[in-house]
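What you are looking at is a predicted structure, and each value in this text was computed from that prediction instead of being measured. Residue numbers begin at 1 in each chain, while the letters A, B, ... track the order of the sequences.
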Amino acid sequence: EKSRPESVRIGYLEGDLHQLAFYIAQEKGFYTDEGLNVTAVPFSNGGAVMAAFETPPATRSIDISYLGFAPALYHRFNNPAANIKVLASVNVNGSALIVRDDDSIQTAADLAGLKIAVPARHNMQDFILAMILDQGGLTHDDLGEIIVMGPSDMIIALQNGNIDGYIAWEPHNVKGTTVTIGGKYLYTSSDVWSNHPCCVIASHEDFIDADPETVQKVINVHYRATEWILDHWEEAKSIAMEKMNLSAEQATEAMANIGYVYSNDLTQMTAFVDKLVELNPDVSLDSEYIPSEITTSTQFIDYFVDGSYLAALD
Amino acid sequence: MEIESLSNRKSTQYLIKLGYLLLSFLVFIGVWALFVVIINEGMNNGIRVLPSPFEVFQTFFHLLVTRIDGNNLLDHVGASLFRVLLGVLYAFFIGVPLGVIIGSSPLFDRILRPMLELLRPIPPIAWIPMAIITFGLGILSSSFVIFVGAFFPIFQNAYDGVHRSNQVYADVARSLGATKVDIALEITLPAIIPNILTGLKVSFGVGWMCVIAAEMMGIDVNIGGIGYFINYMKDVGNYANMMAGMLMIAIVGLGINGIFELIERYILRWTPKKQTEEV
Amino acid sequence: MEIESLSNRKSTQYLIKLGYLLLSFLVFIGVWALFVVIINEGMNNGIRVLPSPFEVFQTFFHLLVTRIDGNNLLDHVGASLFRVLLGVLYAFFIGVPLGVIIGSSPLFDRILRPMLELLRPIPPIAWIPMAIITFGLGILSSSFVIFVGAFFPIFQNAYDGVHRSNQVYADVARSLGATKVDIALEITLPAIIPNILTGLKVSFGVGWMCVIAAEMMGIDVNIGGIGYFINYMKDVGNYANMMAGMLMIAIVGLGINGIFELIERYILRWTPKKQTEEV
Amino acid sequence: MLDINIESKQFQTPQKTTKEVLSQIHFKLSDHDFISIIGPSGCGKTTLLRILAGFDDDFVGEIESSDHNRATRKFSRLGNIGYVPQDFSLFPWLTVEDNIKFGLRIKKYSKDDQTDITTRLLRLVEMEEFRKYYPKDISGGMKQKIAICRAIASNPASNLIVMDEPFSALDAQTRNSIQNDLLHIWHEQHLTIVFVTHNIDEAVFLSNKVIVLGKDPANIQKIESINLPHPRDRTSTEFNSIRKELLTFL
Amino acid sequence: MLDINIESKQFQTPQKTTKEVLSQIHFKLSDHDFISIIGPSGCGKTTLLRILAGFDDDFVGEIESSDHNRATRKFSRLGNIGYVPQDFSLFPWLTVEDNIKFGLRIKKYSKDDQTDITTRLLRLVEMEEFRKYYPKDISGGMKQKIAICRAIASNPASNLIVMDEPFSALDAQTRNSIQNDLLHIWHEQHLTIVFVTHNIDEAVFLSNKVIVLGKDPANIQKIESINLPHPRDRTSTEFNSIRKELLTFL
Ligand SMILES: Nc1ncnc2c1ncn2[C@@H]1O[C@H](COP(=O)(O)OP(=O)(O)OP(=O)(O)O)[C@@H](O)[C@H]1O
Ligand SMILES: Nc1ncnc2c1ncn2[C@@H]1O[C@H](COP(=O)(O)OP(=O)(O)OP(=O)(O)O)[C@@H](O)[C@H]1O
Ligand SMILES: [Mg+2]
Ligand SMILES: [Mg+2]
């Protein structure tokens, strides 16, 4: 239909099985089908994605990105330049707390005094960790130490005994449970909150204003890719195995933990904001960076999540 | 009267110097503030992304006492310094003897030096991934990376020192009855001390650079360190904290330089004065 | 006969040198292999984490032609080199004039140098987060970080060169009728060329180090670069690729050193030979 | 030709005190003079020479050029005084040839003139074959010859050349031959020379006037005129009596 | 005392060719000799001295110690020859005092002896007050005096001291006074001295034998005995005729 493909720069997290839709869309040529020429920009965590959104327009390096809902929220509340909107959901569930396979660690209460790694502070997994701790009547402060590192390093660190456990996205959880690494699932995120929001697609307001057509195309592709995963589970699994260096067993187990979605569950998202505010002293609806007329989480989600592109799916 | 006018002149000169320093500092703050304005107003349409110098100073003092995730700025910078110290220490105790041995033995020189020359061009930072997968995320990894960075300057300086140390000193010592061991201890060693000091200084600089890179990549699961801190603050979007961390780095760097200058002034009191200096 | 025996002796010496180099290389491979065995057997209970030297060489040649995610090793190393070159170039064109100006003007010296001294102790790598948030993820950021690293060695050397350049040369030139401009162009400039070359060499080393750190932190969304490559390969657990990347870094580093040596030998043909050298 | 009247020259020491280096230096420099200045190490010979050459005008006193009927301290700023400094005198980044050409190039002589003059001078000091050498590759004696060539090449308008211990590093033989060369050039080009040395022998052998400086601060102990004809015989009685006399002033 | 028979000494050049520096150097060194070696710059004086001092035994020939009835090239490895090198001779990291003490310490003299000997020597050269100075802070002449003190402090068993142009950087006055000091010490301690210089005057003034070396390779042009009594008068006719004669060999 169009002669020259539209260029768009899409951020994603390196080796994140949650964002399989992005990998599938690339692999299957869905973007090309929509007439898009995609530059894929890898990031190590959602915070780094947000930092990229926050750079001045002239030097901003991404237009749209896959990232966790938590860093998107956290930055939106705390950084004046984080003017993004959430456009679609990517997955629910899919995180887990892996600890060393040791009888002394059985419940959330046993985490007191342990060294736990997270991919970034105030990201999705850090937030889930807070919820897990809450179940055991603990907070972050009760941990021996909370350490930030890339998910691939967590596996090395667990094997070397540098940490007692970690919380990450799949497939890094399942990778930590091999015999040599010696970890076990303590909680999956769905254990503490079934069908919690996780990764989303967000874009900067500047870009949404400037090029809504491209935004629509990206959402179209995301929808198509997500549907494709659900319809072609085994084929999707084999692509995941290849892209993320997994065995069939690992891929099966990891994907079982993830709910691939595209539509926004506004009720859950509102609950997310409530819990975030409750567990995080840094986050408040009073933030000077959001419009002053917003006073409740429902109002905020209404403002922050732009469902119009999903609604316009063809 | 003569003396008084002299002391007057001295204190005047002192005041002038101080004035210039102050002026320089003001220019510095001015340039910084201008930069912030350009970035915020010019490039970000008035959104306050970068904090003002004043905010950074305020945050800096706040962070000296306030703990974030259990550590304040001093804890972080202390952890970084410790890593550097350890790595440099290893480099010293391996680099100096190796430099002296390879520098004085043509056989070792021929066999070992080409091997070292092959390893030298790999920057220490390129060893970070390797260190992580072999030594895990702990002090072993971080000090290994710093060791790699610190080793070559120390080794090379010791080596050069031995090579260039004047044959004549050894001759004279021999004429005065010194044995080989005497010469090694009483001539070679003191003669290469300036070189070793230079090597140490460079090593500290490189080590300081490496530790920040390594910490940014999360090489050590214990206290993050100042490099970890500033990268972390970037990721969570707290740029005032990030810049306060950079300020801390600058201050510690200045401190290290100052200490080295004092050490040099004492240990090298027998060397002729350098030409330049004086601010 | 005399001449023949001489040329014989020459070629014998050449052979001996070659022999030593070979021996050195074998020792190198041996040490490496031993290290791999220790790590794999001793620390990882026989699980082959680290690849053998042979595997690494094989992978290296494979990656020279095979693209991963669209780029082969040469693409990556080329991208890194380009970033370094750009940053060093900026540093050169800003550092040399600034060094000469501040070095020859006491006023500028007093006002600008303390400011630079305050910035100097912040390692270039500590600027990476700052560069990312102000300049984004692109060539602007990466060359800014390298610029910061490359600036100080070049500036300092130009500055020192001007400071130490012999007053006597200027006097003689004046006695021969040279004006101030003549002296700046015909005396100061050639006199500081050795310093500037030294500065450039150090800058390249620092730049090479910075680019690897910056790439590891994903500073540039275009071709990742060799630093990105080795870190990425660590993350996906392909350690043979990772070490092939390190080998590439070593080779390029050796190449850069070689080029600098050639340039020095030509440009500095008027300076007395250095004492050491010769492998 | 020149009337030198230096009342006092002070330096600031690193301890920020001042130190008087020269005091009451009064003498006349006439056309075609060959004046030697001798004195103990560190007394102030180089300082005096730099003032004469006009590199330093931060002193109390005056240097007047009598024949041009103008009084100025900065007479030499016109670049009309040749200077052979004590050390490191050749530009190390230029070849022997280009060192000699330096002044000619600055004064915009034609290419041909530059080559002609340089060739003539190189021939005079028997160093034609070293044209393309860099200073690092020639011996100390050769360097000194080239430094002298460079100073006289562009023929300073004043015909005045000041030299600061130019032969201090040479062995006896080279020194003797280059002394004769210098006398030859001095005569040939009708130069006026001020020559610093710490070698009494050399002073007596070369000059028509010897100025002996004292120390702390340097002042004139003695001005000795020497009227022996050239070439002088170092073993002659007159020669040695002058040496002996000068020695008493040191 | 010593029978020097050097057939040949070669060096390898950077171009890997060999170059003969010394050839057919034969002379005798007797007890209480004061031998001066003169010759053009770069001819091989330092090389010869280093062989004499035993630092270099890579030559063709033999040096025999006649009185101890043993023949060895390495006679001096016992550390019984004092050496005053041409340059950079004081250990810069030691104070004046510690430089003199160096040999005494190596030879394990008692602390008291070390102090006594050092004090006596410092007094002799009038430098007691500079005890605690580092070499960088004293003048060239002072450095040379200390280098000589260091060489004689531990009283080399052989009483032999070799000196390589020790006064080359000094002004006339200092040079004269230190020459007299040296003669005094030489006489007092009954030393044997081999002295390299490029100053004929100095050679004639100091020594009882002057060896004139030629160049490329260095060989002996002339061995001149000087029987004038000390102190010698530099202006006397005999003195000057010897100077003149030696000059012809250079
Ligand atoms: N720029 C300066 N600042 C302070 N003192 C100086 C300066 N230049 C020279 N002096 C002092 O002035 C004195 C005379 O120095 P000068 O170089 O003129 O001596 P000289 O007679 O040439 O000695 P030499 O024979 O060693 O060349 C010395 O004591 C020296 O320390
Ligand atoms: N280690 C060496 N390798 C090669 N050549 C050497 C070496 N040492 C000295 N030479 C050469 O031997 C010759 C004699 O040198 P030497 O230092 O003995 O001369 P010298 O008479 O002491 O000169 P000077 O009067 O300048 O001190 C010189 O041509 C020098 O280049
Ligand atoms: Mg002088
Ligand atoms: Mg010599």
Is it the side chain or the backbone of C:Ile187 that comes within 4.5 Å of chain D heavy atoms, both, or neither? both
Using non-hydrogen atoms and a 4.5 Å limit, figure out which bit of C:Ala173 sits close to chain D: side chain, backbone, both or neither. both
Heavy-atom neighbours of C:Phe82 CZ exceed 12 at 6.0 Å: no
D:Arg50 charged N/C atom sitting above D:Phe59 aromatic ring, 6.0 Å / 45°: no
Are side-chain N/O atoms of D:Asn208 and D:Asp33 paired as donor and acceptor at under 3.5 Å? yes
Answer with yes or no whether the side chains of D:Asp112 and D:Thr115 bring together a donor and an acceptor at under 3.5 Å. no
Which atoms of D:Arg105 come close to chain C, meaning under 4.5 Å heavy atom to heavy atom: side chain ones, backbone ones, both, or neither? side chain
